[in-house]
Amino acid sequence: MPSRFHRFRKKVHDVFFASLQGRMVLLAIILTLVLAVVFSVVSMASVRSSISDSAAAQSRKDFNELVNQAQKFLDSADTTDRSESQSLLIDLATQLQDQGSPSVSGISLLPQNSKNSSVTPVSTDPNTAGLISSSIRSKVSSSDIGDIFYQAADLAQKSSRSQPEPGAVFGTLLQFPGREEFELFTIYSYRDQQDILLSIERMLSTICICLSLAVGFLVWLVLLSVVKPVSMVASAAKKLSEGDLEARVKTTRSDEIGVLQSSFNTMAETMDSQIEQLEQAGVSQRQFVSDVSHELRTPVTTIRMASDLLLSRKEEFDPSTARTVELLAGQTNRFESMLTDLLEISRYDAGHPSFTPVEEDLRDVVHSSRDMLAGIAKTRGVDIRTTLPQYPVVATYDNSRMVCIVKNLLSNALDFSEGNPIEVMLAETQTSASIAVCDRGTGMTEEQLGHIYDRFWRADASRSRTTGGTGLGLAIVLQDVKLHHGCIEVHSHLGEGSSFIVTVPKDPAESTEDTPPVSALVFLDSTSLDVVRPALQLSAEPQRSEKDGCSS
Amino acid sequence: MTSEKTIMIVDDDLALGEMLSIVLESEGYRAVTCSDGLRAIKLFPTIHPDLVLLDIMLPGMNGIGVAKVLRETSHAPIVMLTAKTDTRDVVTGLEAGADDYIVKPFKNSELIARIKARLRFTPNPEVAHSGTGVIRRGDLVINKTGRVATKCGRDLQLTPLEFDLLSTLAQHEGEALTRGELLEKVWGYSAGGDTRLVNVHIQRLRQKIEDDPDNPLMVQTVRGYGYKFMRQGAVD
């Protein structure tokens, strides 16, 4: 039960605070109701008192007349007989009841001394006779002739009405000439006045409820005209916060709401232009990097040609000059490849990498990249073994980028192979193709794996770069793979080697980012598993696997 | 030296132009430099170079425009020098008539290899109609000795490169050649050539030899593999 109550309270709380409109309407209704009720209670009290005062005055006046008539009647009567006296009293009571005002509910005539009186008490309505209290009787009986006494009474007990029926008992002493004295009591009912008061009360409560509902409705209407434009601004602000910089509000008014609308629009405009400026700055900065790398290429070409020429005439120089020329040529090469990679990365940063996919045989990619690095591999004494299908593996890809991917992976593998053979494999599924480059060299730790795509990051800072790695290679590979809607996986064990597996959809146009190409593990599990496993001593579950591009 | 080949260098960077001529001259070529696109067009007929090294970014007229103008009057091989590999410039340059391109910065050996590959054969008018080494395919006649191809007796006006491409394909008639193989046989790349070279020049060749270049009958694409010169029966 307490939890249900708690839930109910929470629900009320939620409803109350969730909607500004609901809250204001509820408050308006409650406040109006309270005010109207207070006003009604106050006015009812004054109406009640004035009505009861006038009723009391009316009945007093009526009673005076009745007393006069009764006295006259008694004075003119001439009876000595006891039985005649009794009937005379009955006549008098009936006559008074008839002549009195309609509010007279009952007339009672009581002998002053009931014990030794010759007559019995007379009452036109015995029910009302019980309302005559002993206190008023004693007051009347001990009073002088002509004094009038009054006491309020509730006639509800007399009738069967459940509502209270106010009334009054008037009493006085009458003189039966020459005989004993009688007490006259008249009971007045104020039922009519009470009915009027009740109907006024009912009307007032109806007015209270109607008024508060009307005020609530009015408030709702007013709020609607305020809240609707405000909520439109609110929804536009929400859109803006979600990154829709084009979100604006229609300016519909010239009042405060209109100011809000136009201010919002101005704010959005300012923000939009600020962001645009920032973007422009970013773009121009990236463009600058791209331009610088591009502009540097022409002088580097001249330097490169000069150093090549000098290098080809190395024999003509003395040993120290010859060595200088060698160093110049080596460093020029290094500088040049860094420049190439920098230009490539800056193209990605600037957001316009070239991508011209053509349907070709992926085996050519492996051949080309292997041939490009054959020289370096030979001088290192590293064997590059390729395992390719006997049939063409046709996919749609950008040839130069795919060659760049495999070349970078191979050159990386060469750097870390420690003289062990490198495996390059190619396999396909129905919709995707995978190229794996595996070395049995140094391998990487988990911590190192997390950084391999960072720019200018080195697995081992003390290790020299011998194949001319620029530190941008894997960053470019990752971008290239993403450009093909593919993904790259890395499996590495420290001291056992690393394996990079690039998987690309055969048709990048059909692949969306939501449905990444079939994992290369499928490929590992199928045809080439026997080759990969001994190469890496892979356990069934790779110790650490980094998969990039697939989930992005 | 009578066999000395003349190479025209069109590049606005004077240092690079001079360096290029030093390297070329050390290889036994005669080099003429020119740093302006419009001047290059004016100079071309007077020098009559055997090969043009053409930078894309030039004052006066850019390299693509120069290539287009030169190609109208001459079949001299044009090798573009470019710093940009990613832009449409390379493809547009090739479409404008350039035979090959080389990306800055390049190795001297690479440059010389490219130039040598382009200067391997020069048309020899004396043996043009000798009738030896002739391949006939329907209307098409390929005279390998004279390095002339005709269709219905009309000279197809093929550039030396286009001729090499056609005769290489025709020699392997009915056999599909990969782009890599074509790059090696025609352009002289041992590895890592740009396959766009093949695609663009196949298109240019088709424009000249096919009745309907959009529906080629002689040189057909082998999807995901390369290109094939159809056997005569298949052509008919």
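Letters A, B, ... are given to chains in the order of the sequence lines, protein chains preceding strands, and every chain is numbered from 1. Just so we're clear, the structure is a prediction, and the values are computed from it rather than from any experiment.
Contact tally against chain A (heavy-atom pairs below 4.5 Å) for B:Leu81, B:Thr195, B:Asp13: the top residue is B:Thr195. No other option in A:Asp308, A:Val300, A:Val394 has as many heavy-atom pairs under 4.5 Å with chain B as A:Asp308. Highest contact tally toward chain A, considering only B:Asp11, B:Ile22, B:Leu20, is held by B:Leu20 [criterion: heavy-atom pairs under 4.5 Å].
Between B:Thr178 atom OG1 and A:Glu360 atom CD the span is 9.0 Å, to the nearest 0.5 Å. Distance check, rounded to the nearest 0.5 Å: OG1 of A:Thr302 to CG of B:Leu16 gives 4.0 Å. Taken to the nearest 0.5 Å, the CZ atom of A:Arg297 stands 9.5 Å off from the NZ atom of B:Lys104.
Chain B is approached within less than 4.5 Å, heavy atom to heavy atom, by no residue from residues 321-329 of chain A. Contacts between residues 106-115 of chain B and chain A, defined by a heavy-atom separation under 4.5 Å, are made by B:Phe106, B:Lys107, B:Asn108, B:Leu111.
Contact of A:Asp361 with chain B is made through backbone and side chain together, with heavy-atom distances under 4.5 Å. Heavy-atom distances place the side chain of B:Asn199, and not its backbone, under 4.5 Å from chain A. Proximity to chain B is limited to the side chain of A:Val358, based on heavy atoms less than 4.5 angstrom apart.
The environment of CD in B:Glu18 is sparse: at most 12 heavy-atom neighbours from other residues, nucleotides or ligands sit within 6.0 Å. Around CZ of B:Arg30, the count of heavy atoms belonging to other residues, nucleotides or ligands within 6.0 Å does not exceed 12.
Here the closest non-hydrogen pair linking A:Glu359 and B:Arg179 is O-NH1, 3.9 Å. Contact detail for B:Pro105 and A:Thr301: the closest heavy-atom pair is CA-OG1, 3.3 Å. Annotation for A:Leu309 and B:Ser26: closest pair CD1-OG, 3.9 Å, computed over non-hydrogen atoms.
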